[in-house]
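Structure record follows, encoded as structure tokens.
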Amino acid sequence: IGGSKRDQANSIKINAVNEIYIAGYTSSDNFPTTNGAFDRTYNDTIINNSDAFISKLNATGSLLIYSSYIGGSNNDYIINMVIDEQGNAYVTGGTFSANFPTTNGGYDQTHNGSIDCFVTKLNSAGTALDYSTFIGGYSDEEAFALILDRKHNIYITGHTRSANFPTTTGVYNQTINGNVDVFISKLNTSGSALFFSTFVGGN
């Protein structure tokens with residue numbers, strides 16, 4: 001699955017009927033997309049940078065059910081993904097793009113630093129974003145893992161260099177401890193607010 005330049009899948013999931021979801025990043029402006037997909041246009045304006053992508057194949061691997069770019073004018077990449085019972089895809093990773101697609105009501109619609117995390121929910125048809133938000137501070141952060149609870153609240157974890165990475169009152173640690181810290185953040189089901197967010201780290 002790919003185009004004329006570099007394409008890389010970083011996450012793969014299978015639903016209850018064995019349909020296959022992959023997500024990652026591509027530098028190909030001709031990466032295969034499908035009619036009606038959320039974004040069929042390669043967005044990156046910098047040579048050899050990348051857009052994120054999500055693609056869904058049927059159970060036999062013979063057909064793309066949907067395939068979409070997700071990104072802005074700079075480097076964007078998905079590192080991990082989960083699928084819920086309805087087939088919605090939740091993705092996270094890193095973005096350099098100030099115009100990475102966000103949604104009204106998302107927790108943070110403004111790019112904060114060099115690299116921000118993002119959390120994006122793509123609907124089950126691959127046609128629209130249910131929500132999309134930045135999470136970050138003035139320096140670099142990347143999210144490497146995410147998981148849903150039974151209510152579809154989303155948890156992400158990764159690393160940050162930002163002393164002003166968003167934290168919440170009463171959490172374990174609101175102060176960055178070293179050059180790079182771990183973070184753990186929990187978003188509500190609509191992607192509009194943080195339930196909690198904390199640093200975890202040493203010097």
Less than 3.5 Å apart, any donor N or O on the side chain of S97 or D76 sitting next to an acceptor on the other? yes
For residues N43 and D51, is any side-chain donor paired with an opposing acceptor at under 3.5 Å? yes
Plane angle bin for F134 and F100 - parallel if under 30°, tilted between 30 and 60°, otherwise perpendicular: tilted
Would the F96 and H111 ring centres measure less than 6.0 Å apart?
-> no
The reported gap from CZ in F196 to CG in L187 (rounded to nearest 0.5 angstrom) is 10.0 Å
Taking atom CG as the centre, does N104 end up with more than 12 heavy-atom neighbours from other residues, nucleotides or ligands that are less than 6.0 angstrom away? no
Determine whether the side chains of D44 and N74 contain a donor N or O and an acceptor N or O closer than 3.5 Å.
-> no
Q.
When you compare the side chains of Y77 and Q8, does any donor N or O come within less than 3.5 Å of an acceptor on the partner?
A. no
Checklist entry - Is it true that the side chains of S28 and D7 contain a donor and an acceptor less than 3.5 Å apart? => result yes
### Message
Ignoring hydrogens and geometry beyond distance, is a side-chain donor-acceptor pair present between D39 and S68 at under 3.5 Å?
### Response
no
Is it the case that the side chains of N30 and S4 hold a donor-acceptor pair, with the cut-off being a distance below 3.5 Å and no angle test? yes
Rounded to the nearest 0.5 angstrom, the CD1-CG distance for I65 and N58 is 5.5 Å
What I want to find out is whether E19 reaches K56 closely enough, with some N-O distance under 4.0 Å, to be called a salt bridge.
yes
| query | Judged by modelled atom types alone, do N35 and R40 share a side-chain donor-acceptor pair under 3.5 Å? | reply | yes
| Is atom CD1 of I46 surrounded by more than 12 heavy atoms (other residues, nucleotides or ligands) closer than 6.0 Å? | yes
ring-ring contact (aromatic ring centres under 6.0 Å, His included) test vs Y69 passes for just one of Y25, F38, Y42, namely Y42
Next item on the list: May I ask you to check whether T120 and S132 show a side-chain donor-acceptor distance below 3.5 Å?
Entry: yes
CD1 of I54 to OG of S67, rounded to nearest 0.5 Å, is 9.5 Å
Between V82 and I156, is there a shared hydrophobic cluster once you connect ILVMFWY residues whose side-chain heavy atoms come closer than 4.5 Å?
-> yes
Does the side chain of I14 reach to within under 4.5 Å of the side chain of Y21, using non-hydrogen atoms?
no
